[in-house]
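Worksheet for the structure shown next.
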Amino acid sequence: MKRKGLMVLPFALWAIIFILVPLGLIAWYGITVEEPVAYTEITLEDGTPAFRLEDGTVQTQEPWQKKAVISFQNFKRMVEPTYLRLLIRSLKIALLTTLICLILGYPVALILTGKDFKHPTLWLMLIILPMWMNFLLRTYSWMSILENSGILNSWITALRNAVPAIDQWFTARGVGNKIIFLYNENAVILGMVYNYLSFMIMPIYTVIEKIDKSLLEAAADLGASPSKSFIRVTLPYSLPGVLEGITMVFVPAVTTFVISQLMGGGKVPLIGDIIQNQFGKSSDWHFGSSLSLLVMVVVLAFMGGLQQIDKDEEPQKEVRIF
Amino acid sequence: MKKFAVLFVLALCIVSCAVAEKISVYNWGDYIDPETIKMFEAETGIEVEYMVYETNEDMYAKIANGKSSYDVIFPSDYMVERMIHEKLVQEINWENIPNIVNIDSRFMNESYDPESRYSVPYTWGTMGILYNTGMVKEVPHSWDTMMDDTYNMDMLMLNSPRDTIGIALVMCGYDLNSTDDEALEAAKQLLIKQKPMVLAYVVDEVKDKMIGGEASVAMVWSGDATFCMDESDELDYVVPEEGSNIFFDAICIPSNAKNVAGAEKFIDFLCRGDIAAMNYNYVGYAIPNTAAIEIIGADEYNASPVNNPPQEVLDKCQVFKYLGEDTKKYDQVWTEIISEY
């Protein structure tokens with residue numbers, strides 16, 4: 001028993017230093033605000049004016065020190081419509097992203113696990129490979145593709161110049177010289193779907209792959225059509241993978257700030273952008289921490305909800321086919 | 001033998017203490033021609049301990065906690081003001097800086113140091129409009145360009161609360177540093193009205209986008225404008241006639257400096273024409289040093305629109321003041337603007 005305790009130690013230390021302490025700091029910053037310290041003006045023996053601070057220290061410089069005071073004013077500020085609207089927008093975009101990833105990702109996972117599919121590992125590799133590149137780099141590539149002066153627009157221009165009919169078609173629909181693809185919500189969603197899609201495919205693939213093939217064979221033997229055995233066997237058994245995929249996409253999507261800044265050109269700020277501003281430009285760590293706590297609560301609630309589904313929908317031990 | 005060794009060590013110590021007069025300089029990264037430091041050391045025999053920082057706030061934190069001591073620092077305007085207020089910098093004895101005569105009087109006595117008692121301007125720059133000469137119909141001499149629907153979805157604004165709201169305040173006829181609610185509300189309404197016409201709110205990306213021809217006009221800092229104009233011949237820069245923000249990086253001596261005399265020598269050295277010219281060529285920011293401009297060649301120096309906005313425009317330019325807690329108001333207004341949809 002003692003041995004086991006010792007083996008847990010590195011992880012326990014890790015958890016304390018890198019999880020508990022930072023969380024505690026965020027919580028502390030979140031429930032406090034900075035206020036200037038109180039002081040009294042005094043005169044030193046040699047006649048120079050000085051300041052005595054609350055804690056008794058004496059200095060000749062005018063006090064600039066701040067102290068943290070517990071206050072809930074940041075929480076009051078947080079529920080102002082401005083911030084709530086941003087939160088709702090972030091949730092909306094994250095949910096849409098998750099949904100699109102699911103619609104695109106599930107069939108991919110299904111096809112990859114199909115028994116007639118050749119070289120699934122190779123294809124899986126091709127899906128994972130882009131993830132080895134830094135996601136900033138990948139997002140910048142999307143920008144150079146979609147920009148007004150980007151690759152896609154230059155192709156369209158070339159095509160319009162080459163084929164008058166296409167040009168007329170575009171002109172008739174009131175399309176100007178350039179099509180603005182970037183700098184809107186759709187561009188942000190595209191950026192997110194691209195970056196997070198593989199997080200959806202992987203867990204679903206892993207789960208479907210592990211489904212006992214004899215179950216499907218049994219279903220077929222007993223006369224179930226492929227679509228029926230999919231609905232009755234594959235789908236319920238793949239649900240844990242789906243839920244994990246949803247979590248893996250939704251959580252980073254609701255907190256991201258870089259993708260929205262780059263693809264949305266700063267016009268589609270999400271709650272993550274506002275939090276980042278608090279730690280950067282506005283250097284208000286307290287409000288930034290309060291907002292982070294809010295997002296954490298939302299994510300926790302979301303994951304709690306998912307777990308509930310997981311419990312309810314757990315496939316029964318005996319599979320009913322008819 | 002032992003005695004001799006002790007004596008030797010002592011002697012060495014005395015010699016080294018006597019020889020190695022030191023100053024410690026704390027500057028922005030890449031903000032001085034390293035050659036000039038070597039020249040200073042060779043000329044004066046004073047050793048320069050050179051360190052760099054990334055932001056004013058980094059530097060401020062180090063000075064304010066009092067644990068580290070520097071002899072020369074390079075704060076920006078609002079930070080000079082704050083450090084004077086908090087008595088973190090000391091008055092400079094101008095008798096020991098004869099080269100101060102090289103500094104253009106237009107750039108002395110700025111509001112961050114009204115009587116120029118604490119600081120020497122080192123470089124300066126402005127906020128203005130970078131435009132693509134092939135894409136605009138006329139030179140955008142006014143900030144109204146940024147409200148002109150000719151440039152609908154064809155303009156870039158800065159994603160920076162203080163700068164963008166500041167310019168909006170100027171457009172509404174208020175002071176660049178206003179913090180009263182009425183002025184901020186007017187600026188906010190203006191920027192909300194402008195928002196549908198703005199292609200994107202950017203910071204560093206503005207350089208890539210303007211060089212690539214992504215938009216016709218953009219609000220930029222003159223430093224970025226210089227970079228873009230070096231890369232593309234299509235681009236030009238103008239400071240709008242309603243006035244704008246002018247910013248300085250200045251040289252100061254912290255209150256707790258150990259070697260004030262050495263610091264004064266170094267500051268005087270930096271004000272020398274040939275040295276300021278070397279630093280201009282290295283750093284590329286506009287300089288307030290007339291002797292250096294003569295050495296560079298006034299024609300060459302003034303050829304860059306970044307270096308010589310018309311005097312009447314310059315007269316209307318103001319520096320940012322340190323706003324303390326009121327900075328939060330700007331953040332609030334900014335969030336309200338960008339979250340509008």
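Numbers restart at 1 for each chain; the letters A, B, ... are given by sequence-line order, proteins then strands.
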### Query
Can you check whether F287(A) and Y83(A) have ring centres sitting under 6.0 Å from each other?
yes
### Summary
Paired with Y112(B), the ring pair (Phe, Tyr, Trp, His ring centres under 6.0 Å) test is passed by just one of Y118(B), F247(B), Y322(B), F248(B), namely F248(B)
### Residue-level interface, residues 156-169 of chain B with chain A, non-hydrogen cut-off under 4.5 Å
N159(B), S160(B), P161(B)
### Message
Which atoms of T327(B) are under 4.5 Å from chain A, going by heavy atoms: the side chain, the backbone, both sets, or neither?
### Response
neither
### Query
What parts of residues 193-202 of chain B touch chain A if we use heavy atoms and a cut-off under 4.5 Å?
K195(B), P196(B), V198(B), L199(B), A200(B), Y201(B), V202(B)
### Query
Is there a donor-acceptor pair under 3.5 Å between the side chain of T256(A) and the backbone N or O of P252(A)?
no
#### Entry: Portion of E205(B) that has a non-hydrogen atom of chain A nearer than 4.5 angstrom
side chain
### Query
Of all of M143(A), R77(A), K178(A), which one pairs up most often with chain B through heavy atoms under 4.5 Å apart?
R77(A)
### Message
Strictly distance-based, threshold 3.5 Å: is any side-chain N or O of T32(A) a donor or acceptor partner for the main-chain N or O of I70(A)?
### Response
no
### Top of Q332(B), K87(B), E336(B), H85(B) for chain A proximity - count of heavy-atom pairs under 4.5 angstrom
Q332(B)
### Message
For a 4.5 angstrom cut-off between non-hydrogen side-chain atoms, does I73(B) reach Y60(B)?
### Response
no
### Task
Check the angle between the aromatic planes of Y53(B) and Y26(B) and answer parallel, tilted or perpendicular using the 30° and 60° thresholds.
perpendicular
### Query
So do the side chains of V217(B) and D154(B) get within less than 4.5 Å of each other, counting heavy atoms only?
no
### Message
Heavy-atom count check: over 12 atoms from other residues, nucleotides or ligands less than 6.0 Å from N177(A) CG?
### Response
no
### Task
Please flag which part of E57(B) lies under 4.5 Å from any non-hydrogen atom of chain A: side chain, backbone, both or neither.
neither
#### Entry: Under 4.5 Å from a heavy atom of chain B, the part of R89(A) involved
both
### Charged N-O contact under 4.0 Å between D148(B) and K137(B)
yes
### Exam field: side chain T255(A) to backbone G272(A), donor-acceptor pair closer than 3.5 Å
no
#### Entry: Y194(A) and W142(A) aromatic ring geometry - parallel, tilted or perpendicular at 30°/60° bounds
perpendicular
### Task
Give me the ring orientation class for Y29(A) and W285(A): parallel if the planes are under 30° apart, tilted from 30 to 60°, perpendicular past 60°.
tilted
